[in-house]
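As structure tokens, the structure follows; a few thoughts come after it.
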Amino acid sequence: MSRRREIYEGKAKILYEGPEQGTLIQYFKDDATAFNNQKHDVLDGKGVLNNRISEHIMILLDKMGVPNHFIRRLNMREQLIRAVEIIPVEVVVRTIAAGTICKRLGLDEGSTLPRSIVEFYYKSDPLGDPMVSEEHITAFGWASPAEIDEMMSMALRVNDFLTGLFAGIGIQLIDFKLEFGRHYEEETMRVILADEISPDSCRLWDIKTNEKLDKDRFRRDLGGVVEAYQDVAQRLGIMPESSPTKRRGPVLVSDKSKSES
Ligand code: TMP
């Protein structure tokens, strides 16, 4: 059996050489990690769900004029993508305080920020992705001022679009992380959205109950991680061909004797 050439293995995905020049295959693993790999588990079905959710969102973003690496889904766990030179900067957009900003600035989880805030982190596992400023990014040559402007404006467009998309299905978008890459085509280069958009890379809360529907369920040992991702996929109207059907948490059973008396 011929084996594809592996280009890169990350914590949650593997990149293989694609069938044509300038393409790659992005494979979604079931592995979940947090706190820079200190916590690790394999969550059956997570990769399948993230592949579908990311596909769905990337297709919509493309229609909204946000260029991205997605070409087409190949199977349950793989998608064909454009090969890009990844910019080593993670772009985080926050609208509601959660996660590291609460600790850093002493904010209450769930408080609304004065406006959506864009942050940059240097992509480096050995350093644990430290937060950096535009000054660091340009001084060290990770991205040019023009590329930073492009990433920021695309990130804010993604924020507007995703906020509306999720609000429409009863989910509040709290924050998310994006990655961008340089796509070279003949003589031209443009910055496009890369990586994935999924409950691994977003914080998503049920609008009514504030129940977490994202990777914080794993980070905080809340259980029901895959079921929560499945809930997101279901609400988006996309369900994989075969996937776990368990619902998380206790099921409310009506007490007939009470309701009928
Ligand atoms: P944070 O509050 O932990 O800094 O995370 C902000 C957002 O970025 C949150 O939606 C989770 C996402 N994120 C990733 O996708 N990958 C990461 O490595 C980290 C640290 C955060």
- Query: Cut-off 3.5 Å, side chains only: do Glu227 and Tyr229 have a donor facing an acceptor?
  - Reply: no

- Item | Rounded distance (nearest 0.5 Å) linking atom CG of Leu222 with atom NZ of Lys215 | 14.0 Å

- Task: Compare every heavy atom of Val226 with every heavy atom of Leu43, then report the nearest pair and how far apart it is.
- Result: CB-CG2, 3.8 Å

- Message: More than 12 heavy atoms of other residues, nucleotides or ligands under 6.0 Å from CZ of Phe140: yes or no?
- Response: no

- Should the pair Glu55-Arg77 be classified as a salt bridge under the 4.0 Å nitrogen-to-oxygen rule? no

- Rounded to the nearest 0.5 Å, what's the gap from CD on Gln230 to CZ on Arg52? Could you check? 12.0 Å

- Might you point out which heavy atoms bring Ala228 and Leu213 nearest each other, and give the distance in Å? CB-CA, 3.9 Å

- Message: To the nearest 0.5 Å, what is the distance between OG1 on Thr95 and CZ on Phe176?
- Response: 7.0 Å

- Message: So which atom in Ala194 and which in Gly181 form the shortest heavy-atom distance, rounded to 0.1 Å?
- Response: CB-N, 4.3 Å

- Residues passing the side chain to side chain contact (heavy atoms under 4.5 Å, CB included) test with Ile169, sequence neighbours excluded, are Phe166, Ile171, Arg235, Leu236

Side-chain donor-acceptor pairs of residues 56-65 under 3.5 Å, sequence neighbours excluded:
none

- Note on the structure: Nearest heavy-atom contact between Arg94 and Asp175 is NH1-OD2, 3.5 Å

- Message: Show the nearest heavy-atom pair for residues Ile197 and Ser54, with the distance to one decimal.
- Response: N-OG, 3.0 Å

- Message: Distance alone, cut at 3.5 Å: any donor-acceptor contact between the side chains of Asp160 and Thr163?
- Response: no

- Listed by chain and number, what are the salt bridge (charged side-chain N to carboxylate O under 4.0 Å, His left out) partners of Lys13, not counting sequence neighbours? Asp195, Glu196

- Task: For side-chain hydrogen bond (donor to acceptor under 3.5 Å, both in side chains), just list the numbers for Asn51 and Glu78, CA-CA rounded to whole Å, side-chain angles, deciding distance to a tenth of an Å, and then say yes or no.
- Result: CA-CA 7 Å; Asn51 186 24; Glu78 295 178 328; over 6 Å; no

- Task: Identify the residue among Lys46, Lys11, His40 that makes a side chain to side chain donor-acceptor pair (under 3.5 Å) with Asp31.
- Result: His40

- Following the transitive rule for hydrophobic clusters with a side-chain heavy-atom cut-off under 4.5 Å over Ile, Leu, Val, Met, Phe, Trp and Tyr, establish whether Met151 and Phe70 coincide in one cluster. yes

- Cluster link Val92 to Leu173, ILVMFWY, side chain under 4.5 Å: no

- Atom of Glu147, atom of Met189 and distance for their closest heavy-atom approach: OE2-CE, 3.4 Å

- Message: Does Arg104, at its CZ atom, have more than 12 non-hydrogen atoms belonging to other residues, nucleotides or ligands within less than 6.0 Å?
- Response: yes

- Non-neighbouring partners of Glu150 that pass salt bridge (charged side-chain N to carboxylate O under 4.0 Å, His left out), sequence neighbours left out: none

- Apart from Leu74 itself, what residues make up its hydrophobic cluster, given side-chain heavy atom links below 4.5 Å? Ile14, Tyr16, Ile25, Tyr27, Ile71, Leu80

- Query: Can you check whether Thr100 reaches Tyr121 side chain to side chain, under 4.5 Å on heavy atoms?
  - Reply: yes

- Query: Can you list the steps and then say if Arg219 with Asp216 is a salt bridge (charged side-chain N to carboxylate O under 4.0 Å, His left out)?
  - Reply: CA-CA 5 Å; Arg219 294 190 188 95; Asp216 270 350; 2.8 Å; yes

- Task: Check step by step if side-chain hydrogen bond (donor to acceptor under 3.5 Å, both in side chains) holds for Asp108 and Ser111.
- Result: CA-CA 6 Å; Asp108 290 331; Ser111 56; 5.9 Å; no

- Message: According to a hydrophobic-cluster definition based on side-chain heavy atoms being under 4.5 Å apart (Ile, Leu, Val, Met, Phe, Trp, Tyr only), do Val132 and Met152 belong together?
- Response: yes

- Item | Results of side-chain hydrogen bond (donor to acceptor under 3.5 Å, both in side chains) for Glu179 - residues two or more places apart only | Lys123, Lys177

- Does Val158 belong to the same Ile/Leu/Val/Met/Phe/Trp/Tyr cluster as Leu156, with side-chain heavy atoms less than 4.5 Å apart forming each link? yes

- In Val84, Asn68, Val191, the residue satisfying side-chain contact (heavy atoms from CB on, under 4.5 Å) with His183 is Val84

- Query: Say you draw a straight line from CH2 of Trp205 to CD1 of Ile174; how long is it, rounded to the nearest 0.5 Å?
  - Reply: 4.5 Å

- When rounded to the nearest 0.5 angstrom, what is the spacing between CG in Asn50 and OG in Ser201? 7.5 Å

